[in-house]
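Note that the structure is a prediction, hence the values are computed from the model and not measured. Note that these values count all heavy atoms, side chains included, but never hydrogens, waters or copies made by symmetry. Letters A, B, ... mirror the listed sequences (proteins, then strands); counts begin at 1.
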Amino acid sequence: MNKPLNKMAVQANINGESTAFLCSPGQVLAEVLRDELELIGTKIGCNTGDCGACSVLVDDRLVCSCLVLAAEVEGKSVQTVEGVANGGELHPVQQKLLEHGGLQCGICTPGVVIAAKALLDHNPDPTEEQARYWLAGNLCRCTGYDKIIRAVLDAAKMMREEAA
Amino acid sequence: MAVQEFISPTSLSEAQQVVGDGAASSWLAGGTDLLVGIRLGARDPARVIDLKQIPELTAIEIDETSVRIGAAASAFDVLHNSDVPSLFPGLAEALNLIGSTQITGRCSAGGNLCNASPAADSIPALIANGAQCRILGPDGERTLAVEDFVVGPNRNALASGELLVELILPRPAAATSDAYLRLTPRTEMDIAVAGAGVSITVDESGTCTAARVAIGAVAPTALLVEAAAEALVGSQLDQAAIDEAVAAVRAAATPISDKRGTAEYRTHVVGVLVARALANAQARIEEARS
Amino acid sequence: MNAYQEFKIIGSRPVRPDGLDKVTGRARYGADLNMQGQIYGHVVRSPHAHAVITSIDCSKALAMDGVLAVMTGDDLVKPGNEMLGSGEGAMALKDLVPMVMSQGKVLFHSQAVAAVAATSPELAAEAARAVEVTYEVLPAVTDVHKALAPDAPILHHDRFPDDYPEEPTNLATHISLTVGEPEAAFAGADVIVEQTYSVPMCHQGYIEPHACVASVDARNRVDLWCSTQGHFAARHFTSAATGIDLGKITVTASEIGGGFGGKTTVYLEPLAVVLAQKAGRPVKMVMDRGDVFRATGGAPGAETRVKLGATRDGKLVAADVDCLMDSGAYNGGPAAFPVYMATACYKLSDARSTGRSVYTNKPKIHAYRAPSMPQVTLGFELAVTELAIELGIDPIEFRLMNAVDEGDANMMGAPYLRIGLRECLETARNHKHYKSAVAEGAGRGVAMGYWINAGMQSSATLNVIADGHVSILTGSPDIGGSRASMALMASEVLGIPFEHIHPQVAATDAVGHTDVTGGSRTTVATGQAVIQAAEQCVAEMCRRAAAEWEVEPGVVAWSQGAAHHGDQTLTFEKLASRAGTMGGPLTFSSSLNSTSAAPAFGVHICDAEVDKETGRTTITRYTVIQDAGKAIHPDYVEGQMQGGAVQGIGWALNEEYLYNEDGVLENPGFLDYRIPVASDLPFIDTVIVEVPNPLHPFGVKGVGEVPIVPPMPAIAEAVYQSTGVRFRDLPLNPPKIVAALQDN
């Protein structure tokens with residue numbers, strides 16, 4: 001017995017590439033990224049928007065991909081952690097997280113990379129408090145956030161120096 | 001039962017047509033409540049209707065008399081609008097607190113209002129600013145004050161087939177400011193244990209000439225506490241007047257004890273928050289004057 | 001090797017070898033692997049906290065299109081009394097099997113009772129709903145005291161604690177140890193403090209839910225991929241629960257997204273294996289976040305009565321500690337740990353320590369960073385500070401006067417070797433944090449803590465590659481940067497660049513037996529195996545050089561990555577490229593059961609400010625001082641110190657499990673299970689004290705667990721100093737603080 005296949009065809013720009021995929025109407029973006037597009041860098045920690053591990057950018061807007069229906073990205077651009085580095089060149093946030101030891105188990109790291117990139121695109125000179133509040137939606141259980149915040153502020157400094 | 005259909009109408013009339021044809025539907029704005037509800041089994045729509053392609057629903061418009069915020073405009077867009085945060089700093093505070101940056105990027109004041117959680121952050125701030133709801137349905141349009149729009153925990157006044165189109169806030173009079181504060185155990189990421197939204201007008205002699213005080217998370221719905229406003233209007237916002245307003249909000253509060261706080265604590269803290277919010281609003285007015 | 005030597009690369013901070021994959025999203029965690037042809041498993045969970053299963057009917061589920069297998073508890077082995085595992089993860093088979101899937105009785109809400117596998121996750125969820133289970137519901141008990149009351153519902157009718165009559169009880173274990181004459185010593189004390197303290201049950205809070213993929217062939221050979229702190233332990237537990245021979249199971253550890261003790265056991269793995277066996281297809285299972293909270297083991301809540309006595313001159317003379325812990329539904333409460341560790345920081349010749357654990361209708365508790373020490377230390381350290389204050393002695397001075405030294409014995413009688421507690425206390429006393437004035441309205445607390453640290457079994461294999469690069473295989477899943485430490489240690493011994501060393505976590509068939517990554521043992525024990533393998537490599541390379549130069553091996557020296565004799569040199573790279581003609585492949589293995597572990601001591605200083613109108617506490621300054629012996633990679637030692645401290649901060653302020661009377665967890669999510677977020681915290685200052693461990697070639701001491709031990713008493717003391725009210729029952733959430741302030 002065959003149930004009719006209830007899938008939608010969606011066209012979006014994923015990490016700079018025009019991409020087409022099929023999804024169920026109720027399927028969330030996080031699932032489609034991981035299971036249809038095999039972009040496993042985006043992690044699912046809770047599936048209810050409480051942990052930030054699934055953070056991506058949709059049209060440059062920081063969102064939890066577990067709270068976006070995949071069908072909603074029709075015609076939009078999506079950036080995941082896989083699209084942050086420029087070929088072999090890491091983004092300053094990635095570079096500084098490595099230099100500062102701002103990761104231990106690394107499960108929150110993709111979400112942090114995306115969220116921190118969004119922060120610095122929005123505000124190139126955040127204070128420590130601004131960085132902490134912006135990143136409050138990215139839970140980390142390993143680091144206590146110290147080295148993450150240091151890395152992000154150092155990346156901001158590096159980016160300001162390069163722009164000058 | 002999984003969602004069977006996702007539809008993106010591009011006009012209000014198309015949206016009305018789609019919702020009118022019978023299938024159990026949910027409107028989708030930011031999705032930060034709907035998708036969680038679906039995941040936890042509390043919501044089960046067969047069809048999801050995305051409102052974000054309809055211009056009226058995401059527009060933010062300002063003219064001489066009012067500010068209109070589309071019901072599906074994201075909090076992020078409202079917060080980064082060139083005028084709204086300075087006209088309504090308290091509303092901006094409230095929208096910023098709804099959730100994380102990721103949530104702010106998607107959630108909407110309209111959605112927060114329609115979800116009608118007793119602890120919703122936007123609602124006390126909207127009530128304090130005298131916001132009105134413009135509703136469109138099969139029988140036409142109607143307007144409802146925000147405090148009348150929420151009828152119970154997670155229940156709003158929309159009838160079947162109706163849709164909240166926009167929130168209309170009257171531009172604040174001169175020497176008016178608003179403020180919103182809430183209490184959460186952590187600094188972010190929590191549902192409000194108690195919330196307070198106020199708007200006051202203070203003339204040059206320091207007399208409060210108008211006030212609206214609303215409280216959240218301490219009753220089945222957010223409440224406009226008129227007795228608190230009465231205590232403040234005509235006063236110099238001196239300690240006695242503040243204390244009377246605080247007593248009024250504590251008397252109006254009917255909180256429950258749950259995993260987020262005890263009833264005694266909520267009653268106590270909502271008074272503290274109202275006093276502090278009033279002080280913040282007053283400081284904003286004085287700073288604007290100088 | 002002399003532990004006090006100068007190091008060439010040990011102690012530096014290179015970028016970790018696995019770091020690039022983690023910042024680019026390439027690293028594969030438990031849910032990130034897909035096997036061709038895989039189907040999806042879904043667990044059926046009990047809606048009751050205490051019940052007898054009267055029937056399970058999976059026939060409707062199995063009849064559904066796309067459903068390829070179903071299972072119940074009958075598909076696992078019938079458990080006996082065998083003990084499995086070791087250290088913090090040890091448990092009896094008769095606890096493991098029903099914990100993984102009920103054997104007829106349900107003892108906690110969300111306990112697995114059946115499972116299905118289908119061709120899509122949605123189908124599997126639908127099939128799970130079609131499994132019909134009938135229950136005879138029994139009253140649930142979630143409070144430890146109610147569980148010990150005479151009329152309590154009894155969870156186990158077949159277990160009796162040692163030395164107890166065989167009558168039904170929910171008491172799981174009762175252990176007590178006495179040294180000297182505590183009663184006489186109390187009689188001689190000038191000041192006595194006696195109080196009861198409590199901490200709630202809480203969860204390790206790892207961000208990555210449990211996940212695995214299992215594939216079983218027709219001869220029952222199993223390939224298991226899972227997120228685990230120990231894939232050898234996962235193999236052992238999976239074999240024990242399913243009855244499949246240990247030797248037929250290969251386990252590959254994925255990257256792990258946090259464990260903190262909670263992933264030293266199995267939950268989904270035996271189920272995925274049985275379903276894969278039945279379906280003839282690989283089965284993937286990923287735990288839902290709600291089930292992680294509802295159905296996996298967190299840390300026990302505990303009530304600890306602490307009685308301490310001191311003489312007027314500031315000498316601690318007597319201690320009596322009685323810790324009552326919540327074990328959850330099965331035996332796992334590490335009741336023994338507080339018994340022999342409660343007094344570990346202090347010179348005491350007269351003391352008693354008792355540990356009891358009690359069954360309740362909650363998931364069986366499991367290890368969480370220094371299991372049971374935070375529960376006991378809260379009370380012990382608060383009582384010590386109370387004594388100090390009553391005697392008019394500074395809290396750090398009082399601790400210095402009573403701190404254990406080398407040669408002192410702990411309650412088990414084992415004397416300490418060279419330890420660094422005194423150095424940590426002195427560092428704290430001289431630290432600018434401690435010397436700074438406490439801000440107006442704020443309070444300051446100081447506390448210290450201990451963790452025993454484990455040795456246990458580790459193996460390593462070192463393969464030299466023809467271009468002079470080296471691969472190092474260990475069996476230790478990397479939870480916090482240990483691969484970087486392995487590469488540093490190998491680089492130190494071999495003298496080759498750090499970047500030429502490729503440390504990997506190998507599957508169970510590819511490296512010798514290795515116990516779990518836990519017990520703060522990985523850098524110590526697995527590091528020793530790596531060092532030994534590297535030393536064997538150096539010895540063999542020297543031997544080959546000697547043979548080439550026709551001299552005795554004893555006159556060949558190894559330095560700066562090369563063999564030397566006179567003015568002759570053979571570099572590592574050269575020896576690597578010529579391996580085939582100089583004696584054959586260069587591959588070295590080492591295995592050990594390490595007896596080189598040394599205990600960890602830490603001292604924390606916390607400043608906190610309480611908003612007295614709202615009861616909200618803000619941590620304004622926090623410093624962690626800890627003896628690491630030798631920090632191989634300081635970034636990752638600091639990381640453990642900061643991460644553990646923040647877990648303690650969360651436990652002190654907001655984290656707790658909230659159960660209703662029916663035994664249903666009310667906060668099974670990160671929204672209402674409140675771990676600290678970035679905006680809650682200041683920077684966490686760290687000072688690594690290095691008093692080398694004389695038993696370890698590089699002086700290393702384990703660092704991972706002790707940082708969670710001091711925070712709760714340090715914060716509770718700071719809150720007392722800020723408010724004037726003593727809090728002994730955590731968490732210190734706002735309603736509790738306001739209520740207490742109003743009462744006072």
Side-chain angles (χ1 to χ4, degrees), chain B residues 1-4 32-33 36-42 44 96-103 117 119 181-196 217-218 242-243 246 250 255-277 279, chain C residues 47 120-123 125-126 129 200 288-291 293-294 610-620 646 649-650 652-660 664-682 731-743:
Chain B
M1 170 93 305
V3 172
Q4 298 298 303
T32 52
D33 284 317
V36 176
I38 293 173
R39 165 124 351 244
L40 296 179
D44 194 14
N96 197 35
L97 286 171
I98 293 178
S100 62
T101 312
Q102 289 87 339
I103 300 296
S117 158
L181 288 174
R182 71 175 190 180
L183 194 290
T184 51
R186 295 179 292 184
T187 51
E188 268 283 356
M189 301 302 284
D190 286 332
I191 301 290
V193 177
V218 291
I242 304 285
D243 287 348
V246 165
R250 286 186 173 146
I256 56 170
S257 293
D258 68 6
K259 63 194 172 195
R260 298 185 183 130
T262 60
E264 298 75 28
Y265 177 73
R266 288 180 149 121
T267 303
H268 164 79
V269 149
V270 77
V272 174
L273 295 173
V274 163
R276 292 182 183 181
Chain C
S120 77
E122 295 74 35
L123 249 174
E126 213 188 310
R129 287 191 288 273
D288 173 80
R289 170 53 56 185
D291 292 334
F293 280 113
R294 282 183 289 252
V610 177
D611 178 331
K612 301 181 184 49
E613 286 189 302
T614 65
R616 221 313 198 78
T617 302
T618 303
I619 308 288
T620 52
V646 169
I649 290 171
L653 295 181
N654 281 310
E655 292 181 40
E656 61 180 326
Y657 271 30
L658 295 163
Y659 279 93
N660 71 15
V664 180
L665 184 63
E666 293 190 322
N667 57 338
F670 282 124
L671 178 60
D672 290 308
Y673 184 85
R674 304 189 186 99
I675 75 174
V677 298
S679 42
D680 289 340
L681 301 161
L732 303 170
N733 53 41
K736 195 177 276 178
I737 292 192
V738 163
L741 287 173
Q742 285 174 340
D743 283 344

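Contact count against chain C (heavy-atom pairs under 4.5 Å) is highest for B:V272 among B:V193, B:V272, B:V269, B:T262. Residue with the most contacts toward chain B among C:D611, C:D672, C:N654: C:D672 (heavy-atom pairs, distance under 4.5 Å).
Interface residue B:R276: only side-chain heavy atoms are found under 4.5 Å from chain C. Using a 4.5 Å cut-off between heavy atoms, B:T184 contacts chain C through both its backbone and its side chain.
Residues C:P735 and B:G261 approach most closely at CG-CA, 4.2 Å, considering heavy atoms.
One finds the CE atom of B:M189 at 10.5 Å from the CG atom of C:D680 (value rounded to the nearest 0.5 Å). The distance from the CG atom of B:L40 to the CG atom of C:D288 is 8.5 Å, given to the nearest 0.5 Å. Between the NZ atom in B:K259 and the CG atom in C:L658 there is a gap of 8.5 Å [rounded to 0.5 Å]. Taking CZ from C:R616 and OG1 from B:T187, the interatomic distance works out to 6.5 Å, rounded to the nearest 0.5 Å. Distance check, rounded to the nearest 0.5 Å: CD1 of C:I675 to CZ of B:R186 gives 7.0 Å.
Side-chain contact between C:Q742 and B:E264 is absent, with no heavy atoms from C-beta onward closer than 4.5 Å. C:E666 places none of its side-chain heavy atoms less than 4.5 Å from the side chain of B:R260.
Counting only distance, with no hydrogens or angles, the side chain of B:H268 and the backbone of C:T614 share no donor-acceptor pair below 3.5 Å.
C:F293 pairs by the ring-ring contact (aromatic ring centres under 6.0 Å, His included) definition with C:H203, C:F670, C:Y673, not counting sequence neighbours.
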